[in-house]
Amino acid sequence: MSKIRISFPMPTYSPPEIEARWQKAWEEADVFKARRSADKPKYYVLEMFPYPSGRIHMGHVRNYTMGDVIARYKLATGHNVLHPMGWDAFGMPAENAAMAIGGHPKTWTYDNIADMRGQMKPLGLSIDWSREFATCDPEYYGQQQSLFLDFLEAGLVYRKNAQVNWDPVDMTVLANEQVIDGKGWRSGAEVERRELTQWFFKISDMAGELKSALDGLDNWPAKVRLMQENWIGESRGIDIPFVRTDDAGTIRCYSTRPDTMRGASFIAVSPDHPVAKSLEADNPDLAAFIDECRKMDTTEAAMEKAEKKGIDTGVRVKHPVYDGVELPVWIGNFVLMDYGTGAVFGCPAHDQRDLDFARKYDLPVRNAFHMPGNPVEVESEALVPAKTETVVYIDHFAGITETTSQHGIDATIDYFEAHDLGEGQTQYRLRDWGLSRQRYWGCPIPVVHCEDCGVVPEKKENLPVELPDDVTFDIPGNPLDRHPTWRDTPCPSCGKPAKRETDTMDTFVDSSWYFARFTAPRADTPTNLDDAAYWMNVDQYIGGIEHAILHLLYSRFFARAMRITGHLPQGCEEPFDALFTQGMVTHEIYLTQDDKGRPVYHLPEDVTDGKLSDGTEVEIIPSAKMSKSKKNVVDPLGIIASYGADTARWFVLSDSPPERDVEWTASGAEAAYKHLTRVWNICDRIGAMDKEASGEGDNDLLRAMHKTIHDVTLGVESFGFNAAIARLYGFTATLQKSKASHKAQREAIMTLAQLMAPMTPHLAEDIWAHQGGAGLVTTAPWPVADEKMLVSDTVTLPIQINGKRRGELTVPADLDKAEVEKQALATQAVQKALDGGSPKKVIVVPGRIVNVVI
RNA sequence: GCGGGCGUGAUGGAAUGGUAGACAUACCAGACUUAAAAUCUGUUGGGGCCUCGCCCCGUGUGGGUUCGAGUCCCACCGCCCGCACCA
């Protein structure tokens, strides 16, 4: 007999409808506007703001979703939340686009911002959009110019000569990124180094303070603190003036290992050292070598990797302690002018680089010490023991013999100071921050160059110094240089014709204080002290690990500089109380080759089961960061269109710990969607239950619920979003199978909605409304776990024998140690293993484990 | 080259020094269906044996500390991030 099935029009989970509805509801209730009030604590959560490339990508979705979870959780736990968004809008890509496709960087940038804002809004982020700004808004960069002038007055900015990459064909300055294998990316010409006068922030003056203050940043990842510490690079050493034999003064060398002075066999100076420069004119060989050095990449990585080369200058210096010993002065391509004094002494026996150099150029190798009981001379491998190891110094001038290198260094510094041969010094690796950029699309540096008055700050009432709109990018170089009506201006001091500075600021300047501007984005001063005092510091900052050093260090410097110049109140020197560095979103790469064997990449949406639509098999390359060039990108808009924002949000949080990379997979997204549908269906089922229905297992369900509240709360507070989601999966399964009463199930589904709300806010609102919850789930108070519901009466302990699990034992949770031991020893597994003997030792960790050692 | 990080089933991953593999994917099996999809249920690290119970091996490799190591220490291998003008 055939059954007749009537198909009811089952309501289904419909994200487009739900998400639009609740976004509108939030907007109408204006729930995300940051408000100040005395009755609640404040919470400032910030994600590193995006560069307006024009398209949001999954990395953005992950970053902003994490911040949103925190922001929504803090809102639910009774905080006044500040969660703003802006645009890091200056930079090279806008100029590149103008060169490549025409148009104007300004139009390109603002169009991109409009596009990206439109792409971001469907994510349902709890952002206070009323505070939005872009760093290319004159209202923003004008305030930045004002900060610059105050820094200048406070002596925090100065000018000095520094090198840039110069493309001799395009006649333009290149960024490191634009130098490919030593050649300009457009022209292909050999890049040269060129010296320009540029502006610098005196960040090195604060090196010691920036280093020591790292200790207080307890809520920063230890690895970021360590990276910053190493970057700042504090070292204790000595500045030694080596006297030239030609009576032409001294060459000062900085060394952290003066204890190896016995083994000194040469001096190496930077190609940019004054000694090198002074000899260049009369010595063609030196000039040729220095010229070759100037063609090297300016990046530190390239310098370090390059073959170590040098040339003897012919100059000799006297050894500071050994009378009659002379050392040759070489120019070394590996010596940095920016670090120390731009000159070092080489001790080949105790430094591998110096040893390689000495062997190459046949310079003497002489030990300053050897290891106790092993007095061998260095041959092909330098002897570099840890500074804490004891070594035996060879006829050391300060009279030290068998001691640690660390003590040897200190004793040598004391000896040099006592004999007036040098001065102990604490040096930092950190260099001053060069902020001048020879580009158009950046914040103009607000100074004027006057023939009579020199460098004159622009008057504050003339700010902002706005970028002119009538510029073209048909030829390389900075359009500001060839814009007479903008460039020519009266001197602010004497009024005579003068010229504006045409360099603009590094975009890192823009991002070094935007977090402070968000506290009063429309103020007619850079900040409003009252608002800054209320909202600062950023309680939780979230962004990529790639910013671990520069951006964060520059921001820490800026906060101090703004404090000094009165733009931030005291206590804001460390602007980010807590930092979280999240991982990337990755995807597999699909590759085929064209008929010439060249690689052809394919978009994920064009690949099904490892094949293209025409059946061609693709090679699958393991996951890597999503990038346009590899085509391994998934467009968030496409995902939102097919599954909804909640699915995208849920997935980017679910699969990996937030600090690690997450691989985007179609099946993972599908699973997230299925799960949300399941939750929606459970809600629907409970809604259809008889309100008076009784059931079984109410207490079990509620216990599970309280455990889930506890675990999810902990997960959200500790950035364990993936773990929190695993708990939510578990609780959903429990609820799905539950036969409990309507009352208990309704409580469970409403709590589930609340716990899911930070991650999937639209679905949560819909469930909340469906079950007749009051108001919005977004503003409902966060559920609190009942401690009484969390404790259980018994506990099951694994029993190990010699560290290997051999059984288990269930005992009352409060049973004392001795009794646990007694019961454990009585178990079959232990009895069998003991075989009539007695254990050597029994370890009982209450509530955790029993280990019997036999 | 230097600094930092990571490495666990077929896959993403879980695990305050205390039961390795939670949760999810994939696969396989079952239920429902004429069928498929959807949904639901269950199995799945490898090997072995006196096969419904137990044993051995197992967290990149090799050492070490510990009653006990994925976790701590040392060395090595591989991958990722940063290296100061990419943002």
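If you're wondering where the values come from, they're calculated on a predicted model, not measured in any experiment. Lettering of chains follows the sequences in order, A, B, ..., and the numbering in each one begins at 1.
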> Can you give one letter per nucleotide of nucleotides 19-29 of chain B, going 5' to 3': B for a protein heavy atom under 4.0 Å from the base, S for sugar-phosphate only, - for none?
Replying inline: B--BSSSS---

> Using Watson-Crick and G-U wobble pairs with both distances under 3.5 Å, what is the 5'-to-3' dot-bracket string of RNA chain B, with [ ] for crossing pairs and | for pairs outside the strand?
Replying inline: (((((((..(((.....[....)))(.((((.......)))).)(((((...)))))..(((((..]....))))))))))))....

Distances under 3.5 Å between protein N/O atoms and the N/O atoms of nucleotides 44-54 of chain B, please, pair by pair.
none

>> Closest approach to the side chain of A/Glu177, judged atom by atom: which nucleotide of B/A84, B/C86, B/U41 is it?
In response: B/C86

>> What's A/Pro657 touching, base or sugar-phosphate or nothing? Going by heavy atoms closer than 4.0 Å.
In response: sugar-phosphate

> What is the distance, rounded to the nearest whole Å, between atom CZ of A/Phe721 and atom P of B/A14?
Replying inline: 14 Å

> Could you give the OH-to-P distance, from A/Tyr554 to B/A87, as a whole number of Å?
Replying inline: 12 Å

>> Taking any heavy-atom pair under 4.0 Å as a contact, classify A/Val164: base, sugar-phosphate, or nothing.
In response: base

>> Let's see if you can work this out: which of B/A84, B/C85, B/C67 has an atom nearest to the side-chain heavy atoms of A/Arg439?
In response: B/C85

>> Between C1' on B/G1 and CG on A/Asp356, what's the gap in Å once rounded to a whole number?
In response: 12 Å

> Contact class for A/Ser511 vs. all strands (heavy atom < 4.0 Å): base, sugar-phosphate, or nothing?
Replying inline: nothing

> Are side-chain N/O atoms of A/Asp167 and A/Thr172 paired as donor and acceptor at under 3.5 Å?
Replying inline: no

> Does the side chain of A/Glu177 come within less than 4.5 Å of A/Trp185's, by heavy atoms?
Replying inline: no

> Do A/Lys211 and A/Leu430 touch side chain to side chain, with heavy atoms closer than 4.5 Å?
Replying inline: no

> Which of these, A/Trp87, A/Tyr514, A/Phe515, A/Tyr541, sits in a ring pair (Phe, Tyr, Trp, His ring centres under 6.0 Å) with A/Phe49?
Replying inline: A/Tyr514

> Whole-Å distance between B/G18 P and A/Lys817 NZ?
Replying inline: 16 Å

> Does a sphere of radius 6.0 Å around NZ in A/Lys160 hold more than 12 heavy atoms from other residues, nucleotides or ligands, not counting ones at 6.0 Å or beyond?
Replying inline: yes

> Can you tell me how far P in B/U61 sits from the matching atom in B/G7, rounded to whole Å?
Replying inline: 13 Å

>> Using atom P in both nucleotides, what's the gap between B/G63 and B/U51 to the nearest angstrom?
In response: 36 Å

> Between A/Tyr140 and A/Trp513, does a ring pair (Phe, Tyr, Trp, His ring centres under 6.0 Å) hold up when you go through it step by step?
Replying inline: CA-CA 10 Å; A/Tyr140 182 80; A/Trp513 72 286; 4.6 Å; yes

> Can you check the A/Lys308 NZ to B/G1 P distance for me, whole Å?
Replying inline: 10 Å

> Is there a donor on the side chain of A/Asn851 or the base of B/C67 sitting less than 3.5 Å from an acceptor on the other?
Replying inline: yes

> For every nucleotide of nucleotides 4-9 of chain B, 5' to 3': is a protein heavy atom under 4.0 Å from its base (B), only from its sugar-phosphate (S), or from neither (-)?
Replying inline: SS-S--

>> Would you measure the distance from the P atom in B/U8 across to the matching atom in B/C79 and give it in whole Å?
In response: 14 Å

> Taking the same atom, C1', in B/U43 and in B/C27, what whole-Å distance lies between them?
Replying inline: 11 Å

>> If I pick the P atom on B/C6 and the same atom on B/U16, what distance separates them, to the nearest angstrom?
In response: 15 Å

>> Pair A/Thr197, A/Asn161 - check side chain to side chain donor-acceptor pair (under 3.5 Å), show working.
In response: CA-CA 4 Å; A/Thr197 307; A/Asn161 286 349; 2.9 Å; yes

>> Under a 3.5 Å threshold, yes or no: a donor from one side chain and an acceptor from the other, between A/Thr502 and A/Asp481?
In response: yes

> Can you check whether A/Val679 reaches A/Thr760 side chain to side chain, under 4.5 Å on heavy atoms?
Replying inline: no

>> Measure NE2/A/His675 against C1'/B/A38 and give the value in whole Å, please.
In response: 17 Å

>> Taking donor-acceptor contacts at under 3.5 Å, does the side chain of A/Gln438 reach the base of B/C85?
In response: yes

>> Among residues 88-98 of chain A, which ones have heavy-atom contacts with RNA chain B below 4.0 Å?
In response: A/Asp88, A/Gly91, A/Met92

Counting only pairs under 3.5 Å, give me each side-chain donor-acceptor contact of residues 730-739 of chain A, with atom names and distances, residues two or more places apart or in other chains.
{"unit_1": "A/Thr732", "atom_1": "OG1", "unit_2": "A/Leu728", "atom_2": "O", "d": "2.6"}
{"unit_1": "A/Thr734", "atom_1": "OG1", "unit_2": "A/Gly730", "atom_2": "O", "d": "3.1"}
{"unit_1": "A/Ser738", "atom_1": "OG", "unit_2": "A/Ala740", "atom_2": "N", "d": "3.0"}

> Does the side chain of A/Trp433 reach to within under 4.5 Å of the side chain of A/Ser512, using non-hydrogen atoms?
Replying inline: yes

> Taking the same atom, C1', in B/A10 and in B/G21, what whole-Å distance lies between them?
Replying inline: 14 Å

> Between B/C76 and B/G1, how far is it from one P atom to the other, in whole Å?
Replying inline: 12 Å

>> Does A/Glu546 contact B/C80 through a side-chain donor or acceptor facing the base, at a distance under 3.5 Å?
In response: no

> Does the salt bridge (charged side-chain N to carboxylate O under 4.0 Å, His left out) test come out yes or no for A/Asp351 and A/Arg257, once each step is laid out?
Replying inline: CA-CA 10 Å; A/Asp351 183 293; A/Arg257 291 304 301 267; over 6 Å; no

>> I want to verify the glycosidic state of B/U51; is it syn or anti under the 90° rule?
In response: syn

> Over how many whole Å does the gap from A/Leu728 atom CG to B/A14 atom C1' extend?
Replying inline: 15 Å

> Syn or anti for B/G60, with syn set at within 90° of 0?
Replying inline: anti

>> Distance check needed: B/G3 P versus A/Ile232 CD1, whole Å only.
In response: 16 Å

>> What's the gap between B/U11 and B/G4 when it is taken at their C1' atoms, as a whole Å value?
In response: 28 Å

